[in-house]
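First up is the structure itself, then whatever we jot down about it.
Each chain gets a letter, A, B and so on, in the order its sequence line appears, and its residues count up from 1.
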There are 2 protein chains.
Amino acid sequence: MSQSPGQDLGGGPSTSALVLVIEDETAIRRFLHAGLESEGYRSVEATTGQEGISQAATCSPDVILLDLGLPDMDGLTVVRRIREWSQTPIVVLTAREQESDKVQALDSGADDYVTKPFSMPELLARMRVVLRHRARVESETETVIVRGTLRIDLARRRVTVEGATVTLTPLEYRLLATLARHAGRVLTHKVLLQEVWGPSYTSQHHYLRVYMAQLRIKLEVDPGRPRLLMTETGVGYRLVEEAEG
Amino acid sequence: MSQSPGQDLGGGPSTSALVLVIEDETAIRRFLHAGLESEGYRSVEATTGQEGISQAATCSPDVILLDLGLPDMDGLTVVRRIREWSQTPIVVLTAREQESDKVQALDSGADDYVTKPFSMPELLARMRVVLRHRARVESETETVIVRGTLRIDLARRRVTVEGATVTLTPLEYRLLATLARHAGRVLTHKVLLQEVWGPSYTSQHHYLRVYMAQLRIKLEVDPGRPRLLMTETGVGYRLVEEAEG
DNA sequence: CGACGGTATCAAGATTCCATCAAGAGCCTC
DNA sequence: GAGGCTCTTGATGGAATCTTGATACCGTCG
């Protein structure tokens, strides 16, 4: 069952998986680099969260190894930022062994959590797991969604209406981004609450109402008659599939 | 990004995820059962590998928790046997912390590996990870049923007649979706009521009549002479197998 | 023909769900 | 600590949906 990084799904000549390593400590970075190389993976490195996020966008890696303890920004934020537009598997790599850290990272969108000191064989095995998931679902979500005058750029985290930038609060943006990532489909109240607020808020339907209203005020031409953010009574909400006339 | 025990696109009254627990030690089984129940998961239990494998086949769980140290057979074998025909996520649960065990289990097809003593919150978080993978796969599988001018897109929860979207109430949709999932077959009153309204409504035949009439008004060309939603007098209802001329 | 079991249709409460306004709490900046 | 922004929470009216009862239909059988 074990699967080599050089797995070739009928593509080009040498398609070894590309690993993005986001890690500030040089020693560990070298260690990882050596281990990955010996298994035939190609790797790209970043030493800050900012750099990591932009690398994730530009070099479209097959898997991301992320140290939570970066100097410039919170690791969880890095996970969430990447998840806003990318489904690339993320394996978190950290010295923190606290249960709450693990839960938070996993709920933020990480696919696995390995605590230092970790063993390279185990890390590699866990990478194979997330890679074989990915092999099954090779889907690239588009990063720019346009619906009429509304434009959502998930990678740049920018929302414009008729060309003018709309400033959204963090929660407003997350809600909109979640809907945008699944544009055209209904997302249930529960799913939305869980993705935007977290697993323990699944019954706070009220939050959704307030924030959907807020988004409509900022995005819709006539907030009373939404044409973009539709409500599916008793089920949830939906961002329209196509711009309508 | 996390996924709750109950993602529900109108599939039924209360669809919480089903967890198969394969564990021989009673104490741990109880502990797991309690933890799962408090999060709203339903669970099924097996105490041997054999039993576990057959349960995995019969009750089609959403995720499997598997103890590697079963009395009757090797845990790895259980993983492999299940993987021969099923993609259901498997989280391995064991006292063995040896690196080689982990690697073997993961490479055999397990999706995660948690060592005892484990914390329930962490286990639940890891379950959410594998469940949301699964949810993504499922939501991207297109299931579209076409009968003449009627088109039912189960993934998008969208119904159109001659291209025009028909707005259905939650109950209307659930009823239609249930019929559509078993298209061609007769569903008895009892089954329909149970799937759509819940187990305690199996005698409310009246509801069915009202809602079938409603669906026919919205979907049929001539509601008085149904060509799609057929009545099987004394038995139940049926969505026609093929579009008829 | 008339009764009967099962079915279809209609419409009016009852209930649930949704949009909106607004005030208070928490947090960060200055 | 003042001010601004954001998030949480409560209250309210209104819309959509569900439930329920009354009534008409339709074929079968006595």
Side-chain angles (χ1 to χ4, degrees), chain A residues 73-74 77 80 159 165-176 178-179 186-190 192-193 195-198 200-238, chain B residues 8 10 12-14 157 159 165-177 179 186-190 192-193 195-198 200-238:
Chain A
M73 58 195 291
D74 179 31
T77 310
R80 280 196 276 263
V159 178
T165 301
V166 178
T167 48
L168 298 177
T169 73
L171 276 179
E172 285 165 6
Y173 179 80
R174 275 207 263 169
L175 180 54
L176 179 63
T178 306
L179 288 162
V186 184
L187 294 186
T188 62
H189 301 126
K190 207 168 178 178
L192 282 170
L193 284 163
E195 300 224 353
V196 176
W197 276 267
S200 49
Y201 291 75
T202 51
S203 53
Q204 307 288 329
H205 289 205
H206 194 63
Y207 291 9
L208 268 182
R209 302 214 179 95
V210 174
Y211 274 83
M212 286 302 300
Q214 208 60 31
L215 276 178
R216 282 170 175 158
I217 290 172
K218 293 189 177 182
L219 305 179
E220 296 274 3
V221 179
D222 179 359
R225 267 179 242 275
R227 321 200 93 193
L228 302 166
L229 299 166
M230 313 304 285
T231 126
E232 301 274 342
T233 306
V235 184
Y237 294 90
R238 173 172 61 88
Chain B
D8 185 354
S14 67
R157 197 188 185 276
V159 178
T165 300
V166 178
T167 48
L168 298 178
T169 73
L171 277 179
E172 285 164 5
Y173 179 80
R174 273 194 238 163
L175 180 55
L176 178 63
L179 288 163
V186 183
L187 296 185
T188 64
H189 300 128
K190 196 173 170 182
L192 282 171
L193 285 162
E195 292 279 312
V196 177
W197 276 266
S200 49
Y201 291 75
T202 50
S203 53
Q204 307 287 332
H205 290 205
H206 191 60
Y207 290 8
L208 269 182
R209 304 219 174 90
V210 173
Y211 276 84
M212 286 302 299
Q214 207 59 31
L215 276 179
R216 283 169 174 157
I217 289 171
K218 292 189 177 182
L219 305 180
E220 297 275 3
V221 179
D222 179 359
R225 268 175 236 278
R227 322 198 89 189
L228 302 166
L229 299 165
M230 313 306 284
T231 300
E232 300 281 340
T233 305
V235 185
Y237 294 90
R238 171 174 64 88

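One can place CZ of B:R216 at 16 Å from C1' of C:dC10, the figure rounded to the nearest angstrom. As rounded to whole Å, 9 Å separates atom P of D:dT6 from atom OH of A:Y211. Atom pair B:L171:CG and D:dT20:C1' shows a separation of 14 Å (rounding to whole Å applied). Regarding A:Y237, its OH atom lies at a distance of 9 Å from the C1' atom of C:dC17, rounded to whole Å. Rounding to whole angstrom units, CG of residue B:D222 and P of C:dA8 are separated by 14 Å. When rounded to the nearest whole Å, the span between CD of B:E220 and C1' of C:dT9 equals 15 Å. In this structure, the CD atom of B:E172 is 12 Å from the P atom of D:dT19, given to the nearest Å. Across the protein-nucleic acid pair, B:W197 atom CH2 and C:dT15 atom P stand 19 Å apart, rounded to whole Å.
The nearest pair of heavy atoms linking A:Y211 to A:E172 is CD2-CG, 3.7 Å. Among all heavy-atom pairs drawn from A:G234 and B:P170, the shortest one is CA-CG, 4.0 Å. What you find for A:H189 and A:H205 is that their closest heavy atoms are ND1-CE1, 3.6 Å. Closest approach of B:L179 to B:M212, counting heavy atoms only: CD1-SD, 4.0 Å. Between B:P223 and B:P226 the shortest heavy-atom distance is O-CD, 3.8 Å.
Below 30°, between 30° and 60°, or above 60°: for A:Y201 and A:Y207 the angle between ring planes is between 30° and 60°, a tilted geometry.
A:E232 has a carboxylate O that lies under 4.0 Å from a charged side-chain N of B:R157, or vice versa, which qualifies the two as a salt bridge.
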Seminar exercise, completed: Going 5' to 3' through nucleotides 22-30 of chain C and flagging B where a protein heavy-atom sits under 4.0 Å of the base, S where only the sugar-phosphate is that close, and - otherwise, we get ---------
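For the pair A:P223 and B:V235, nearest-nucleotide mapping onto DNA chain C gives the more 5' position to B:V235.
B:T231 is linked by a side-chain contact (heavy atoms from CB on, under 4.5 Å) to B:R216, B:T233, B:Y237, counting only residues two or more places apart in sequence or in another chain.
For D:dC18, the OP1/OP2 oxygens have a side-chain nitrogen or oxygen of B:T169 closer than 4.0 Å. Look at B:R209 and you won't find any side-chain N or O under 4.0 angstrom from OP1 or OP2 of C:dA8.
Residue B:T233 has its side chain nearest to C:dG6 when only D:dA16, C:dG6, D:dT19 are considered.
Shown for residues 201-208 of chain B: residues whose heavy atoms fall under 4.0 angstrom of DNA chain D, namely B:H206, B:Y207.
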For this session: Evaluate side chain to side chain contact (heavy atoms under 4.5 Å, CB included) for A:V159 paired with A:L219, printing each intermediate quantity in order.
Result: CA-CA 9 Å; A:V159 178; A:L219 305 179; 4.0 Å; yes
